Structure formats: structure tokens, C-alpha cells
Amino acid sequence: MSMRFNNKVALVTGAAQGIGRGVVERLLLEGAKVVAVDRSELVHELPAQVFALTADLERYVDCQRVVSQAIEHFGRLDILINNVGGTIWAKPFEHYLPDEIEAEVRRSLFPTLWCCHNALPHMLAQGSGAIVNVSSIATRGVNRAPYGAAKGGINALTACLAFETGGRGVRVNATAPGGTDAPPRRIPRNTAVLTEQEQHWYAQIVEQTKDSSLMKRYGTIDEQVGAILFLASDEASYITGVTLPVGGGDLG
């Protein structure tokens with residue numbers, strides 16, 4: 001295992017489960033000092049050397065707090081990986097309630113906006129930093145229009161911040177994961193029991209995602225983690241403003 005992140009400080013959001021947890025585990029193996037943030041107490045089950053924090057990153061004040069705590073604890077911040085987000089409901093757009101649309105956007109756009117806003121001044125002051133935002137190929141897909149709109153905002157934010165910071169030592173990129181096989185979530189995004197109709201709408205997402213992939217399969221957590229950490233590493237030192245699809249050939 002290489003030590004690409006030896007002594008670098010990385011803050012990972014949505015770190016308790018799935019892709020976020022995989023990112024944390026690989027960063028540790030490659031020498032990073034890791035701040036792991038999640039709204040769930042499960043984040044405290046990560047290895048003891050992780051600086052684990054609970055926070056609701058849909059709230060600006062919580063984003064402000066965790067960035068401040070990370071820098072107070074380690075003295076700097078080199079890498080920010082914004083992984084909070086995920087579909088809450090799956091249905092055709094006309095079936096969403098207004099409150100549900102707002103909730104999807106709050107979940108999948110605002111944590112990244114808030115964390116970038118709080119981390120960037122510190123990275124710019126030190127003259128270096130790498131931000132990787134986790135978007136989605138669902139910007140082109142069925143039954144997730146509000147989520148797709150939020151992730152489209154992530155793509156635009158990535159490009160805009162790269163323009164603003166590229167000459168000041170900070171790189172900003174994104175990955176756009178496709179369907180990803182992961183263990184069942186211990187804390188689901190939506191605790192409601194799905195109706196038969198809702199199960200059908202979700203099955204349409206799975207079918208469309210696999211059909212859109214040239215490889216006709218879901219990816220693995222390791223395949224998503226590899227792309228994220230490449231963009232976070234010095235191996236990608238001449239790459240900024242890119243949203244990299246990681247969906248088996250589905251460009252999103």
C-alpha cells in the first residue's frame with residue numbers, strides 16, 4: 001500500500017457507512033490523519049486513531065464547527081471529501097411533495113456548499129488543498145429528479161470553485177458514482193415501509209442504472225474509493241474542475 005497521504009489531514013463527511021467509511025479506511029492505510037464526520041453515532045465505531053465527530057451538516061453552524069474542530073485538532077486541513085447525500089425517496093417527479101423536494105436538496109447539496117465555504121479560507125491561507133465532492137450519475141436518470149438536481153448543483157459548484165481557486169493552490173474536483181453495491185445501511189435514509197408502487201419505482205432505478213452502464217453492473221465501494229482518492233492525491237496535481245463519472249461507462 002502506498003503512503004500517498006502521509007501526514008496529510010483529511011476531513012471526510014458521511015463517513016459512518018458505505019463509500020464514506022471506505023474512504024476513511026483507505027486514507028488511514030495510506031498515512032492520513034483523518035477527521036470523520038457523520039450525523040450518526042456509528043461514526044464513533046471507526047478505528048480509534050480517527051478524530052470522529054457527529055454533526056448535522058445540513059446546518060451551516062455544524063459545518064462551521066467541524067471544520068474549526070478539525071483545524072484546532074490537527075493544525076491544518078489538506079483534503080476535504082464531501083460525501084454527504086443520497087436519495088431519500090424514489091418516484092416520478094410529479095409524485096413528490098414540495099417538502100420532499102426541499103428535503104432532497106438540503107440533504108444532497110447544502111452540506112457540500114457549507115463545508116466548502118468553511119474549508120476554503122483555511123486552504124487558501126495555507127496555499128494548498130484538495131477538495132473532492134461526491135456527485136452522482138443520477139443527474140441523468142429516472143425517479144430521482146430532486147436528487148439529480150442537487151447533484152447537478154454539486155457539479156456546477158465544483159467547476160465554479162475550480163475557476164476561482166485554481167491559481168491559488170487549491171484543486172476542486174468531483175466523482176459521479178453510478179450504482180454501487182454496499183452492505184445494507186444500518187440507518188436507512190428513509191425509514192418508511194415502501195408500498196408496492198414505491199418498490200416498483202425503485203426497481204426502475206436499478207434497471208435503468210444497470211442498463212445505462214456499459215458494463216451492465218453495479219460498481220463496488222473500492223472502485224468508488226479509488227477514484228475519490230486519486231483526485232484527492234498529488235497524482236492528480238494537474239487536474240481541477242473535473243467531474244469524473246465512475247459508473248461503468250455511464251457518463252451521467
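Remember, it's a predicted structure, so these values are computed and weren't measured experimentally.
- Proximity of a side-chain donor or acceptor of K216 to a complementary backbone N or O of D211 within less than 3.5 Å is detected.
- No more than 12 heavy-atom neighbours from other residues, nucleotides or ligands sit within 6.0 angstrom of CZ on R140.
- Atom CZ of R65 and atom CG of D56 lie 9.5 Å apart (nearest 0.5 Å).
- Between the S136 side chain and the A176 main chain, no donor and acceptor come within less than 3.5 Å of each other.
- For I101 against F93, the heavy-atom pair with the smallest separation is CD1-CE1, 3.7 Å.
- At distances below 3.5 Å, not a single donor-acceptor pair connects side-chain atoms of E104 with backbone N or O atoms of A150.
- A distance of 8.5 Å separates CD of E164 from CG of L120, quoted to the nearest 0.5 Å.
- When all heavy atoms of R107 and G86 are compared, the pair lying nearest together is CG-O, 3.9 Å.
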Exercise. Walk me through it: do F230 and T175 pass the test side-chain contact (heavy atoms from CB on, under 4.5 Å)?
Key: CA-CA 10 Å; F230 165 68; T175 65; over 6 Å; no
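- With contacts defined as side-chain heavy-atom distances shorter than 4.5 Å, the pair C116/L157 qualifies.
- With contacts defined as side-chain heavy-atom distances shorter than 4.5 Å, the pair C115/V84 does not qualify.
- Taking the six-membered ring where tryptophan is involved, the planes of H95 and W201 are tilted, since the angle between them lies from 30° to 60°.
- In this structure, the side chain of T240 does not engage the main chain of A162 through any donor-acceptor pair within 3.5 Å.
- Y147 places a side-chain heavy atom less than 4.5 Å from the side chain of K151.
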Self-check item: Working for salt bridge (charged side-chain N to carboxylate O under 4.0 Å, His left out), residues E58 and R39
Solution: CA-CA 10 Å; E58 294 178 29; R39 72 195 308 169; 3.2 Å; yes
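- Here D78 contributes atom CG and H122 contributes atom NE2; the two are 13.0 Å apart, rounded to the nearest 0.5 Å.
- Considering every non-hydrogen atom in both L80 and A119, the closest pair reads CD2-CB, 3.8 Å.
- When all heavy atoms of M3 and L29 are compared, the pair lying nearest together is SD-O, 3.5 Å.
- Within the 4.5 Å cutoff, side-chain heavy atoms of I131 are placed close to those of M123.
- There is a path of hydrophobic side-chain contacts, each under 4.5 Å, that joins I71 to L53.
- Put simply, the side chain of N173 does not reach to within 4.5 Å of the side chain of L244, judged on heavy atoms.
- Linking ILVMFWY side-chain heavy atoms closer than 4.5 Å, directly or via other members, places W114 and V37 in a single hydrophobic cluster.
- Judged by distance alone, with hydrogens and angles left aside, the side-chain atoms of S213 form no donor-acceptor pair with the main-chain N or O of K210 at under 3.5 Å.
- For the side chain to side chain donor-acceptor pair (under 3.5 Å) test, no residue two or more places apart in sequence or in another chain qualifies with T243.
- Looking at N143 and Q208, their side chains never come closer than 4.5 Å, going by heavy atoms from C-beta outward.
- Taking OG of S128 as the reference point, atom CG of L77 lies at 9.5 Å (rounded to 0.5 Å).
- Using a 4.5 Å heavy-atom cutoff, the side chains of L113 and N82 are not in contact.
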Quiz item: Yes or no on side-chain hydrogen bond (donor to acceptor under 3.5 Å, both in side chains) for Q64 and S68, after CA distance, side-chain angles and deciding distance?
Solution: CA-CA 6 Å; Q64 189 176 46; S68 295; over 6 Å; no
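- Not one N or O on the side chain of E41 forms a donor-acceptor pair closer than 3.5 Å with the backbone of T54.
- Note: the hydrophobic cluster containing L231 also contains V12 (ILVMFWY, side chain heavy atoms under 4.5 Å, direct or indirect links).
- At most 12 heavy atoms of other shown residues, nucleotides or ligands fall within 6.0 angstrom of atom CD in E72.
- Distance check: H73 NE2 to F51 CZ gives 5.0 Å after rounding to the nearest 0.5 Å.
- Between the side chains of S2 and E30, at least one donor N or O sits under 3.5 Å from an acceptor N or O.
- When all heavy atoms of A70 and V35 are compared, the closest pair comes out as CB-CG2, 3.7 Å.
- Under a cutoff of 6.0 Å and an axis angle of 45°, K91 and Y96 form a cation-pi pair.
- Under the 4.5 Å side-chain heavy-atom criterion for ILVMFWY residues, no single connected hydrophobic cluster contains both I81 and L42.
- Taking a 6.0 Å sphere around CD of E207, one finds it holds 12 or fewer heavy atoms contributed by other residues, nucleotides or ligands.
- You'll find the side chain of I221 reaches within 4.5 Å of the side chain of P183, heavy atoms only.
- A232 and A130 get closest at one heavy-atom pair: O-CB, 3.7 Å.
- In the hydrophobic cluster analysis, where Ile, Leu, Val, Met, Phe, Trp and Tyr join through side-chain heavy atoms closer than 4.5 angstrom, Y60 is grouped together with L109.
- Under the 3.5 Å distance criterion, the side-chain polar atoms of D38 are matched with a main-chain donor or acceptor of A15.
- Remark: E94 CD is packed, more than 12 non-hydrogen atoms of other residues, nucleotides or ligands lying under 6.0 Å away.
- The main-chain N or O of V172 is never found under 3.5 Å from a side-chain atom of T158 such that the two would form a donor-acceptor pair.
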Exercise. For H200 and Q204, run side-chain contact (heavy atoms from CB on, under 4.5 Å): C-alpha distance rounded to whole Å, both residues' side-chain angles, the deciding distance at 0.1 Å, then the answer.
Key: CA-CA 6 Å; H200 174 69; Q204 287 179 323; 3.4 Å; yes
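- The CD atom of E102 sits 9.5 Å away from atom CZ of F110, with the distance rounded to the nearest 0.5 Å.
- No donor-acceptor pair under 3.5 Å is formed between the side chain of R171 and the backbone N or O of D234.
- Looking only at distances, a side-chain donor or acceptor of Q224 sits under 3.5 Å from a matching main-chain atom of V246.
- A side chain to side chain contact (heavy atoms under 4.5 Å, CB included) with L28 is found for exactly one of V23, L46, V34, namely V34.
- For D181, there are no side chain to side chain donor-acceptor pair (under 3.5 Å) partners at least two apart in sequence or on another chain.
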